[in-house]
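Presented below is the structure to which this report refers.
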Number of protein chains: 2
Amino acid sequence: MPRAGLTPERVAEAAADLADSIGLENVTISALARNFGVADASLYSHVKNIRDLRVRVAFLAASDFADRITAAVAGRAGRDALVAFANAYRDFALAHPGRYAATHIEIAPEEAVRSTGGARIIGATYAVFHAYGLKEPDLTDAVRLLRSTFHGYVSLEAIGAFRDPREVQASWDRGVEALATLLENWPSSNS
Amino acid sequence: MPRAGLTPERVAEAAADLADSIGLENVTISALARNFGVADASLYSHVKNIRDLRVRVAFLAASDFADRITAAVAGRAGRDALVAFANAYRDFALAHPGRYAATHIEIAPEEAVRSTGGARIIGATYAVFHAYGLKEPDLTDAVRLLRSTFHGYVSLEAIGAFRDPREVQASWDRGVEALATLLENWPSSNS
DNA sequence: CTCGAAACCTAAAACCATTAATCGTTTGCC
DNA sequence: GGCAAACGATTAATGGTTTTAGGTTTCGAG
């Protein structure tokens, strides 16, 4: 019987693809094993348990996500960079719902440092925001606000929460514009 | 053998409480049955299946949520109402994580009409926003933006995504203020 | 070729969702 | 008050999932 050639990396990648097509919560050890044509227990040679598998998917997804975002904002600055960042964010989340969901599982700080993807995303985010001349703590406040908006928007959109006939794409574009304007006129803390 | 006195309502309520304490995804038929001291199968007299149970929790939670929000904004207007809305939103989500999560499970529009909670929340939201004099489609765009921000913020906070030492409460307060300012200066569509 | 590590397997225990068949308990009604 | 139907709950059984333990096969380096 030929071997499937599994490795932790290939298992995580397959799990990520599966998550994008059937949803992260439906990615089971069994489903993944079926995918590879191996017995369920075989996967335990490569991942510790289902939680470990999900964390691996999260790290992989964060790295992919960071790639897209850094590519999108490269060579751009100011509002231009912000719009590119926002659209890259939403495009990734809608194109890779399973991977995107994985980037939002709860991970302890000690565990999170094993991945560079998260730090790269944060770095790219602060880089975009630095152009707006915000100083701490305003910078962190603004980053949190916009990050929340992006995350909330794509999450709600993904579950079909926007039922008004108004086009979601148009709403998004206007929202991003409004946020850019908000950043340009950020009410600083000592005012 | 004495009866446990189960009803669909009591089952859903217990499920909601359980969800708040152990997380919605860990609310299983088995765990709930254990809670009541009955056999797993007994619950099937009251709920169709696990999905039905979650939908019931979602409806119950939406109703509770709507109560809190309408109470918070009652008698307030303008920025005052918006701040009250925002804080009621966050307080509920942090105090009732399981119920809050239930309000964001995917529910088909046909099914959603069986609950009035969702509509009441939307009504309260639009009421708060009307004070800002926005006309469609700006109104819907603004509602979507702020709803996304609130949802994103509490979701990220709940999974521990804000790791900067900056106090989350302070960030939130500043963010809500910034959003209020944004609403007052909303860049209208034909400008 | 061989031998050791890596890859994969079978078996089994434990938990969860669901259905079917059954049986005691209420309840409404004469 | 008594009885039949509806109800509330039970046991039993099926099938899927996670995980551990231990055994066997394959592959590549020496």
Side-chain angles (χ1 to χ4, degrees), chain A residues 1-60 97-98 101-102 105-108 111, chain B residues 1-61 97-99 101-102 105-108 111:
Chain A
M1 194 169 292
R3 299 200 170 185
L6 304 187
T7 67
E9 290 72 28
R10 289 197 55 202
V11 168
E13 194 125 5
D17 290 342
L18 197 56
D20 281 339
S21 63
I22 67 174
L24 184 64
E25 71 283 2
N26 298 319
V27 175
T28 64
I29 296 284
S30 302
L32 198 53
R34 260 192 306 273
N35 233 31
F36 279 115
V38 301
D40 295 4
S42 302
L43 294 183
Y44 285 86
S45 302
H46 309 283
V47 301
K48 237 187 10 251
N49 50 39
I50 184 77
R51 156 88 188 158
D52 178 47
L53 174 64
R54 296 205 173 118
V55 170
R56 284 172 190 274
V57 172
F59 288 173
L60 183 153
I105 63 175
E106 214 167 337
I107 294 183
E111 206 176 3
Chain B
M1 193 165 298
R3 299 197 173 184
L6 304 186
T7 66
E9 290 72 27
R10 289 196 55 201
V11 169
E13 195 126 4
D17 290 342
L18 197 56
D20 281 339
S21 64
I22 66 173
L24 183 64
E25 71 283 2
N26 297 318
V27 175
T28 63
I29 295 285
S30 302
L32 197 53
R34 241 180 337 256
N35 232 34
F36 280 114
V38 301
D40 295 5
S42 304
L43 295 183
Y44 286 89
S45 300
H46 309 282
V47 301
K48 240 193 0 255
N49 49 39
I50 186 75
R51 157 88 189 159
D52 179 47
L53 173 64
R54 296 206 173 118
V55 171
R56 283 172 190 275
V57 172
F59 287 172
L60 183 154
R99 282 176 166 83
I105 63 175
E106 217 168 332
I107 295 184
E111 205 176 2

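The model shown is predicted, which means the values in this text are computed figures rather than measured ones. Just so it is clear: chains get the letters A, B, ... in the order the sequence lines come, proteins before strands, and each one is counted from 1.
- Taking atom CG on A:L43 and atom C1' on C:dC9, their separation rounds to 12 Å, with Å as the unit.
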Tabulate below the donor-acceptor pairs under 3.5 Å that side-chain atoms of residues 6-17 of chain A make, not counting sequence neighbours, or state none.
residue: A:T7; atom: OG1; partner: A:E9; partner atom: N; Å: 3.4
residue: A:T7; atom: OG1; partner: A:R10; partner atom: N; Å: 3.0
residue: A:R10; atom: NH1; partner: A:A4; partner atom: O; Å: 3.4
residue: A:R10; atom: NH1; partner: A:G5; partner atom: O; Å: 2.8
residue: A:D17; atom: OD1; partner: A:R99; partner atom: NH1; Å: 3.1
residue: A:D17; atom: OD1; partner: A:R99; partner atom: NH2; Å: 3.0

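- As a whole-Å value, the separation of A:E25 CD from C:dA17 P is 15 Å.
- Among all heavy-atom pairs drawn from B:E25 and B:R54, the shortest one is O-NH2, 4.3 Å.
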Expected list for residues 41-51 of chain A: side-chain donor-acceptor pairs under 3.5 angstrom, two or more places apart:
residue: A:S42; atom: OG; partner: A:A39; partner atom: O; Å: 3.3
residue: A:S45; atom: OG; partner: A:S42; partner atom: O; Å: 3.4
residue: A:N49; atom: OD1; partner: A:R51; partner atom: N; Å: 3.2
residue: A:N49; atom: OD1; partner: A:D52; partner atom: N; Å: 2.8
residue: A:R51; atom: NH1; partner: A:E106; partner atom: O; Å: 3.1
residue: A:R51; atom: NH2; partner: A:E106; partner atom: O; Å: 3.0
residue: A:R51; atom: NH2; partner: A:E111; partner atom: OE1; Å: 3.3

All N/O contacts under 3.5 Å from nucleotides 13-16 of chain C to the protein, with atom names and distances to one decimal?
residue: C:dC16; atom: OP2; partner: B:R34; partner atom: NH1; Å: 3.3

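- Contacts between residues 48-58 of chain A and DNA chain D, defined by a heavy-atom separation below 4.0 Å, involve A:N49, A:I50, listed by number.
- Residues B:V57 and B:I105 have side chains not in contact (no heavy-atom distance under 4.5 Å, counting atoms from C-beta outward).
- For the pair A:Y44 OH and C:dA11 P, the interatomic distance rounds to 18 Å; values are reported in whole Å.
- Contact annotation: A:S45 side-chain N/O to C:dA7 OP1/OP2 distance is not under 4.0 Å.
- For B:H46 and D:dA9, the shortest distance from a side-chain N or O to OP1 or OP2 is below 4.0 Å.
- Shown here are the side chain to side chain donor-acceptor pair (under 3.5 Å) partners of A:D40, two or more places apart in sequence or in another chain: A:S30.
- Following rounding to the nearest Å, B:F36 (CZ) and D:dT10 (C1') show an atom-to-atom distance of 17 Å.
- Shortest non-hydrogen contact noted between A:I107 and A:A58 is CD1-CB, 4.0 Å.
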